[in-house]
Amino acid sequence: MLIDTHCHLDFPAFSPDRDAVIARCLEAGINYCINIGATLESSAASLELAAKYPQIYASIGLHPHDADTFDEKGQARLRELAAGKKVVAIGETGLDYYRNLSSKENQRQAFAKQIALARDLNLPLVIHCRQAEEETLRILKEALPLRAVIHCFSGGQDFLEGCLASGFFISYTCNITYKKAEGLREMVKLTPLDRLMLETDAPYLSPEGFRGKRNEPAQVKLLAQEVGRIKGVGFEEIARQTTQNAKEFFKLS
Ligand code: NI
């Protein structure tokens, strides 16, 4: 059994054949998917998918790219959505100083609001962080105790060690299979297996050999094999431990 802890099955890329994608994912042994809200609309769509498919759970959040749009009405709506059935996390939220699609100030505020929401509801946080490692870690540490996973980890060793020391989980995507991802594979080696989770971030980040194509949750199997190869651990053990991590982190029943 495997779990895709971060995918976006509500995105239009899956509209033509969503049922088939989910069927393939079950055939590949991926028993659960956490569908991640990136906007208010996609958070609502996440809830709808969770209601329709037994194996899908929802995370409710607003991506830092959209922080400029996060007014009081939006905050109230997010809180309302977060009370929905099968909501297992808040996010994705965080800071993206690489693309800077929203102002830094608005990103910080949206991040702070979602941390507060997660604390109120006793839910873990799904963190997006690009080129904002120091600040993300400082903000999260100031809000401890909380549970968080750093999604699509792309930082360096200092950030990794800081996150691990704060008790956070690290999740890796299929980009660890890329030819030039030697640095990232080093981080996989340094991440203890009992703090590691797997995700596709589908439809994004297809593995090597599939680049340019739409990614899908079934590829978690290939990802688990690659993590096993990097760490010198068998596939069964990778599957067992990462599944246990995800079940405990998201409190899946
Ligand atoms: Ni994502």
Side-chain angles (χ1 to χ4, degrees), residues 1-11 13-14 17-38 42-61 81-82 84-92 118 121-128 147-153 168-174 176 191 193-207 214-228 235-253:
M1 188 211 256
L2 290 162
I3 299 180
D4 186 351
T5 63
H6 189 121
C7 58
H8 301 280
L9 291 170
D10 58 289
F11 281 17
F14 293 109
D17 59 345
R18 192 167 285 113
D19 283 333
V21 169
I22 291 165
R24 272 200 293 280
C25 145
L26 281 170
E27 278 163 29
I30 289 82
N31 293 51
Y32 296 109
C33 296
I34 314 295
N35 201 78
I36 307 289
S42 94
S43 292
S46 249
L47 281 184
E48 282 171 28
L49 286 179
K52 183 170 176 191
Y53 299 95
Q55 66 274 33
I56 295 183
Y57 287 81
S59 181
I60 299 300
L81 291 168
K85 269 191 190 147
K86 295 179 80 181
V87 173
V88 294
I90 298 299
E92 55 187 292
L121 299 176
N122 192 25
L123 287 170
L125 282 153
V126 177
I127 304 296
H128 173 101
R147 290 180 291 141
V149 58
I150 312 299
H151 126 77
C152 191
F153 188 86
F168 304 148
F169 280 76
I170 310 295
S171 112
Y172 290 99
T173 66
C174 301
I176 66 165
T191 305
L193 194 50
D194 63 1
R195 300 285 281 285
L196 192 152
M197 293 199 274
L198 306 174
E199 60 161 298
T200 57
D201 204 14
Y204 307 120
L205 297 170
S206 271
R214 182 186 69 176
N215 201 5
E216 62 176 64
Q219 296 286 29
V220 168
K221 193 173 177 183
L222 184 152
L223 178 61
Q225 285 162 349
E226 178 65 4
V227 169
F235 176 82
E236 290 304 324
E237 177 59 9
I238 299 290
R240 188 196 64 75
Q241 184 69 60
T242 57
T243 296
Q244 184 184 323
N245 296 344
K247 278 188 165 179
E248 286 174 8
F249 182 82
F250 293 107
K251 294 197 161 86
L252 305 181
S253 47

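Position 1 is the first residue of the sequence, and the numbers go up from there.
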Within-4.5 Å side-chain heavy-atom neighbours: [X] and [Y]:
X	Y	value
Ile22	Ile56	yes
Pro124	Val149	no
Arg18	Lys52	no
Glu216	Thr200	no
Phe153	Leu196	no
Glu199	Leu205	no
Met1	Tyr32	yes

Starting at [atom1] of [X], measure out to [atom2] of [Y] and round the result to the nearest 0.5 Å.
X	Y	atom1	atom2	value
Ile3	Ile34	CD1	CD1	6.5 Å
Ile60	Leu123	CD1	CG	9.5 Å
Phe14	Asp19	CZ	CG	13.0 Å
Ser43	Asn35	OG	CG	9.5 Å
His128	Ile150	NE2	CD1	11.5 Å
Ser42	Leu47	OG	CG	10.0 Å

Query raised in the report: Would you find a donor on one side and an acceptor on the other, under 3.5 Å apart, between the side chain of Ser59 and the backbone of Ile36?
Result: no

Report task. Measure from the side-chain N and O atoms of Lys86 to the backbone N and O of Leu49, and report whether any donor-acceptor pair falls under 3.5 Å. Result -> no

Pair up each side-chain donor or acceptor in residues 219-228 with any protein partner under 3.5 Å, not counting sequence neighbours, and list the distances.
{"unit_1": "Glu226", "atom_1": "OE1", "unit_2": "Arg229", "atom_2": "NE", "d": "3.1"}
{"unit_1": "Glu226", "atom_1": "OE2", "unit_2": "Arg229", "atom_2": "NH2", "d": "2.9"}

Query raised in the report: Do Thr191 and Tyr172 have side-chain atoms, one donor and one acceptor, less than 3.5 Å apart?
Result: yes

Query raised in the report: Can Asn215 and Asp201 be counted as having a side-chain donor-acceptor contact under 3.5 angstrom?
Result: no

So which atom in [X] and which in [Y] form the shortest heavy-atom distance, rounded to 0.1 Å?
X	Y	value
Ser46	Gly37	OG-N, 3.9 Å
Ile238	Thr242	O-OG1, 2.7 Å
Asn245	Arg195	ND2-N, 3.9 Å
Val88	Tyr57	CG1-CD2, 3.6 Å
Met197	Ala246	SD-CA, 3.5 Å

Query raised in the report: Would you call Arg24 and Glu27 a salt bridge, using N to O less than 4.0 angstrom?
Result: no

Query raised in the report: Parallel, tilted or perpendicular: which fits the ring planes of Phe11 and His8, with parallel below 30° and perpendicular above 60°?
Result: parallel

